[in-house]
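Throughout, protein chains are lettered first and strands after them, A, B, ... in sequence-line order, and every chain is numbered starting at 1.
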2 protein chains.
Amino acid sequence: MTNKIDISLQKAQSECSRTGLRLTDKRCKVLKILLQAAEPLSAYDIVDQFKQVFAESLSAMSAYRMLDFLMQANLVHKLETSNQYLACSHISCEHNHELPQFLICDQCHTVKEIGLSKQLLKELRGSIESTGFVLSSQQLELHGVCEACRAKQSE
Amino acid sequence: MTNKIDISLQKAQSECSRTGLRLTDKRCKVLKILLQAAEPLSAYDIVDQFKQVFAESLSAMSAYRMLDFLMQANLVHKLETSNQYLACSHISCEHNHELPQFLICDQCHTVKEIGLSKQLLKELRGSIESTGFVLSSQQLELHGVCEACRAKQSE
DNA sequence: TATATTATGTTATAACATAACAATTAGCAA
DNA sequence: TTGCTAATTGTTATGTTATAACATAATATA
C-alpha cells in the first residue's frame with residue numbers, strides 16, 4: 001500500500017533528477033518529516049524529530065541548509081510570519097506550482113495552502129503595481145481561525 | 001516650526017490620554033526614534049539608537065515591552081516577515097486606523113504603508129472566508145522592488 | 001584515477017525574543 | 001498626606017531562530 005507520503009517522495013525524487021538536483025538521503029528524510037507533520041515545524045523541531053525518527057544526528061546548521069535546498073526545489077515553503085517550514089501540498093499533484101497563499105490558524109496552528117483565484121491575484125497585483133512597486137513574490141500569509149476551531153468554540 | 005514628527009508625537013500623546021493609556025517618557029522616545037527612522041528598525045537597532053540619541057540606557061527587554069505597548073496603542077506596526085518595527089504612517093492624520101498593508105522593498109528596505117481599496121480587500125476576505133476560515137488580521141506584507149530602485153537599475 | 005564541485009560535519013556566534021523576579025514610580029482612596 | 005495598589009521599568013538569565021567560517025567527506029566527470 002503506497003500512501004500519499006510515499007507518492008510525494010517518489011515524485012520529489014523524480015522531479016529532482018529531471019532537473020539535475022540532488023535529493024540526498026538526509027534531504028529526503030527532512031522532507032519526509034515535513035510531509036508527516038500535522039503542523040508546520042521550526043528548524044529545531046525538525047532536528048529533534050530527525051533524531052527521534054531516524055536515530056541519526058542532524059545539526060541545526062545542516063537542517064537550515066537542507067531546508068534551503070528543499071525550498072529552492074519548491075518542495076518546501078517557509079512561513080515568514082512564524083519562522084516555520086512545511087512541505088508544499090502540491091508535490092504529488094500535477095498542478096503548476098504557483099506562489100502559495102497560506103491560511104494559518106492561530107489556535108490549532110494548522111495551515112491550509114490555498115490558491116486564490118487568478119482574477120483576484122491579478123487585481124491585487126495590479127492594485128499594488130499601480131504604485132510603481134513590482135512584486136517579487138505573491139506568497140501571502142493570512143492569520144485567523146479555521147472552521148474546526150470555530151466550531152469547537154461555539155459548542 | 002513644528003514638524004510632522006512633533007505633530008505625530010502630540011497626537012499620540014493626546015490620543016493616549018483620551019483612551020487612558022500612559023505614553024511615558026521612554027515609550028515616547030522609542031516612538032520618536034521610529035518616527036525619525038528612514039527604515040524599519042529591529043528591536044536591537046532601537047536599543048542602539050536610544051543610547052546614541054538620548055544618552056540613556058535601554059535594555060532589550062524594555063525595548064520589547066515598549067514596542068508591545070506602542071503596537072497595542074496602534075502607534076507602531078511590526079513587520080513579521082523581517083522582525084522589524086515601524087511607526088504607523090497615519091498617526092498624524094484623521095484616518096481611521098485600518099489594518100495596514102505594507103510594500104517592502106527588498107533592495108533599499110524602505111516600506112510603504114498603503115491602503116488597498118475596500119472593494120479589493122472585501123473580495124479577498126470573501127474569497128478566504130468561503131473556505132470557512134475567519135481572518136483575524138488583514139495585515140499584508142508584500143515584498144518586491146520599489147519604483148526608485150527600479151529606476152536606478154535601468155540607468 | 002585525479003580533481004573539481006557539492007554536500008555535510010563541527011564549532012562558534014549573531015540576532016531575535018521572553019521568563020522571572022526585584023525595584024521604582026504613578027494613581028488613587030482613606 | 002499617607003499608605004495601598006497597580007503599572008512601569010530594571011536586571012539577569014535563558015530560550016529560540018539563524019548564519020559564518022572552516023574542515024571533512026561524498027559525488028560527478030574529465
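Using modelled atom types, one side-chain atom of Glu141(B) and one backbone atom of Glu80(B) make a donor-acceptor pair closer than 3.5 Å. Checking side-chain atoms of Ser8(A) against main-chain N and O of Ile91(A) turns up no donor-acceptor pair under 3.5 Å.
Interatomic distance, Asp25(B) CG to Arg27(B) CZ, rounded to the nearest 0.5 Å: 11.5 Å. In this structure, CZ on Phe133(B) lies 6.0 Å from SG on Cys105(A), to the nearest 0.5 angstrom. Expressed to the nearest 0.5 Å, how far CG of Leu124(B) lies from CD of Glu129(B) amounts to 9.5 Å. Residue Lys78(B) holds its NZ atom at 10.0 Å from OG1 of Thr81(A), rounded to the nearest 0.5 Å.
For the OP1/OP2 pair of dT25(C) and a distance below 4.0 Å, the side-chain nitrogens and oxygens of Thr24(B) include no atom meeting the criterion. For dA15(C), the OP1/OP2 oxygens have no side-chain nitrogen or oxygen of Asn83(B) closer than 4.0 Å. Phosphate contact (OP1/OP2 of dA17(C), side-chain N/O of Lys78(B), threshold under 4.0 Å): present.
One atom, CG of Asp25(A), and another, C1' of dA25(D), lie 15 Å apart when rounded to the nearest Å. Remark: P of dT27(D) and CG of Leu21(A) are 17 Å apart, rounded to the nearest angstrom. For the pair Leu41(B) CG and dA15(C) C1', the interatomic distance rounds to 15 Å; values are reported in whole Å.
Smallest separation of non-hydrogen atoms from Phe50(A) and Lys26(A): CE1-O, 4.0 Å.
Applying a 4.0 Å cut-off to non-hydrogen atoms, the residues of residues 55-72 of chain A that approach DNA chain C are Ser59(A), Met61(A), Ser62(A), Arg65(A), Met66(A), listed by residue number. The stretch residues 45-54 of chain B has no heavy atom under 4.0 Å from DNA chain C, so no residue of it qualifies as close.
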Intermediate values then yes/no, side chain to side chain donor-acceptor pair (under 3.5 Å), Ser59(B) and Ser62(B): CA-CA 5 Å; Ser59(B) 70; Ser62(B) 294; 3.1 Å; yes
Test side chain to side chain donor-acceptor pair (under 3.5 Å) applied to Gln84(B) and His109(B), step by step: CA-CA 11 Å; Gln84(B) 290 174 313; His109(B) 305 110; over 6 Å; no
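Positionally, the nearest nucleotide of DNA chain C for Gln84(B) lies more toward the 5' end than for the other of Gln84(B) and Arg22(B).
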Where each pair must be Watson-Crick or G-U wobble with both distances under 3.5 Å, what dot-bracket representation of DNA chain C is obtained, with crossing pairs in [ ] and other-strand partners as |? ||||||||||||||||||||||||||||||
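For a distance-only test at 3.5 Å, the side chain of Tyr44(A) qualifies as a donor-acceptor partner of the base of dA18(D).
Residue Lys32(A) places its NZ atom among 12 or fewer non-hydrogen atoms of other residues, nucleotides or ligands, all under 6.0 Å distant.
Residues Gln139(A) and His143(B) have side chains that never bring a donor and an acceptor to within less than 3.5 angstrom of each other.
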